[in-house]
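What follows is a set of notes on a single structure, which appears directly below.
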Amino acid sequence: MARVYNFSAGPAVLPEEVLREAAEEMLDYRGSGMSVMEMSHRSKTYQGILDEAEADLRALVGIPEDYSVLFLQGGASQQFAMIPMNLMKNRVADYIVTGQWAKKAWQEASKYGKANKIASSEDRTFSYIPDCSDLPVSADADYVYICENNTIYGTKFKTLPNTKGKTLVADVSSCFLSEPVDITKYGVMYGGVQKNIGPAGVVIVIIRKDLITEDVLPATPTMLRYKIHADAGSLYNTPPAYGIYICGKVFKWIRKMGGLSAMKEHNEKKAAILYDYLDESRLFRGTVRRQDRSLMNVPFVTGSEELDAAFVKAAKEAGFENLKGHRSVGGMRASIYNAMPLEGVEKLVDFMKEFEAQNL
Ligand SMILES: *Cc1c(COP(=O)(O)O)cnc(C)c1O
């Protein structure tokens, strides 16, 4: 068995240890005589898995009692609708558009009310984060929305926007659990887990309890109401049971590794290796404004489409998978999530140096 270094933006690399443990439990989960995949979600055993996952996540992030944790389906994209449907009481919300995912969320919200684009970085292909210290936040805005880490473009909010007292809603799909966060600064923090936490099919929503109300937009489907899921403890209907079980294992793995501050240190170390090389390379260069660089997604180019393609191909042959940039940006992108080992980044940079020497 040979595992490659997988730089995919998502679904993405998971800790090998977690996969091995899941493999061991595949046929018989701890004496139950069945796989977690085959288990009733109403069973005591499964309730234990769900409760433990929530408790570990709460401990990791430091989620206080006045926030609910929901394990839902529909991916991050379903939240683009669920957020306005549940939160747009005045039918007004402000969006900061820093990439395709934020843009999609903004467009979706426009179906339900007045979604104002109060800042954008589209003028320079989303290669930076706009100054959000004094934005024209709408007086009647129900919330201010950001995509905190822009997976496609490789930018990250290093400071949260000044929302002037309005509720902050953040899509953290690609930076979830990559560093410590102060959850009390957010009304809603959500993300699809397939970037940094688990298998596709689960989306985690951490939401302040006062935002969970019956007062939602008319005709909001039952399944898209936060209150339904919160009241049922994420068991209103069959949850993505196996996916949640894997997420739970990843929470335990992160705790064992030292928690979110250890993750941050590990991620900063990895990112520095790659960015330092990009800054000194005569062939490759990063595409993002320095102060806005993501620790998770690192886009880079050679300046020649032919050379980019040749690099991606050669890298694949050498065991570095999924380095091709997003179709809307081109070039390359190395996603170096929590589970990417330091050695993977070191070896990638060694390989890039060799490629540079041969192609200058
Ligand atoms: C991947 C991604 C999405 C979309 O996730 P789905 O689960 O496929 O809907 C949304 N936002 C961000 C930041 C992402 O990285």
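Worth knowing before you read on, the calculation uses all heavy atoms, side chains too, and leaves out hydrogens, waters and symmetry mates. Atoms within a ligand are numbered from 1 in the order they appear, just like the ligands themselves.
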Original post:
For Gly192, is the nearest heavy atom under 4.0 Å from an atom of ligand 1?
Top reply: no
Subject >> Charged tip of Arg124 within 45° of Tyr128 ring normal and under 6.0 Å >> reply: yes
Original post:
For Ala76 and ligand 1, does the shortest N/O to N/O distance drop below 3.5 Å?
Top reply: yes
Original post:
How about Tyr186 and Glu148: does a side-chain donor come under 3.5 Å of a side-chain acceptor?
Top reply: yes
Original post:
Judged by modelled atom types alone, do Asn150 and Thr155 share a side-chain donor-acceptor pair under 3.5 Å?
Top reply: yes
Subject >> Flag for Tyr29-Glu38: side-chain donor and acceptor within less than 3.5 Å >> reply: no
Quick one: side chains of residues 350-358, donor-acceptor pairs under 3.5 Å with protein atoms, not counting sequence neighbours, listed by atom name and distance.
from, atom 1, to, atom 2, distance (Å)
Glu356, OE1, Tyr277, OH, 2.5
Glu356, OE1, Ser281, OG, 2.7
Glu356, OE2, Arg282, N, 3.0

Original post:
Looking at ligand 1, does any of its N/O atoms fall within less than 3.5 Å of an N/O of Asp171?
Top reply: yes
**OP:** Please identify which atoms of ligand 1 are closer than 4.0 Å to at least one heavy atom of Ser173.
**Re:** 11 (N), 12 (C), 13 (C), 14 (C), 15 (O)
Original post:
Is the Tyr145 ring parallel, tilted or perpendicular to the Tyr190 ring (thresholds 30°, 60°)?
Top reply: tilted
Original post:
Any idea which protein heavy atom is nearest atom 2 (C) of ligand 1, and the distance to it?
Top reply: Lys195 NZ, 2.5 Å
Original post:
Should Arg225 and Glu214 count as an ion pair when the cut-off is N to O under 4.0 Å?
Top reply: no
Original post:
What are the atoms of ligand 1, with element, lying closer than 4.0 Å to any heavy atom of Thr151?
Top reply: 12 (C), 13 (C), 14 (C), 15 (O)
Original post:
Does Gln194 have a non-hydrogen atom less than 4.0 Å from ligand 1?
Top reply: yes
**OP:** Of the side chain and backbone of Ala9, name the one, both, or neither that has a heavy atom under 4.0 Å from an atom of ligand 1.
**Re:** neither
Original post:
If you link I, L, V, M, F, W and Y whenever their side-chain heavy atoms are under 4.5 Å apart, who else ends up in the same group as Met223?
Top reply: Ile228, Tyr236
Original post:
Which residue holds the protein heavy atom closest to atom 9 (O) of ligand 1, what is that atom called, and what is the gap in Å?
Top reply: Ser77 OG, 2.6 Å
Original post:
Measuring from the heavy atoms of Cys147, does anything fall under 4.0 Å of ligand 1?
Top reply: yes
**OP:** Using a 4.0 Å heavy-atom threshold (strictly under), name the region of Gln78 that reaches ligand 1: side chain, backbone, both or neither.
**Re:** neither
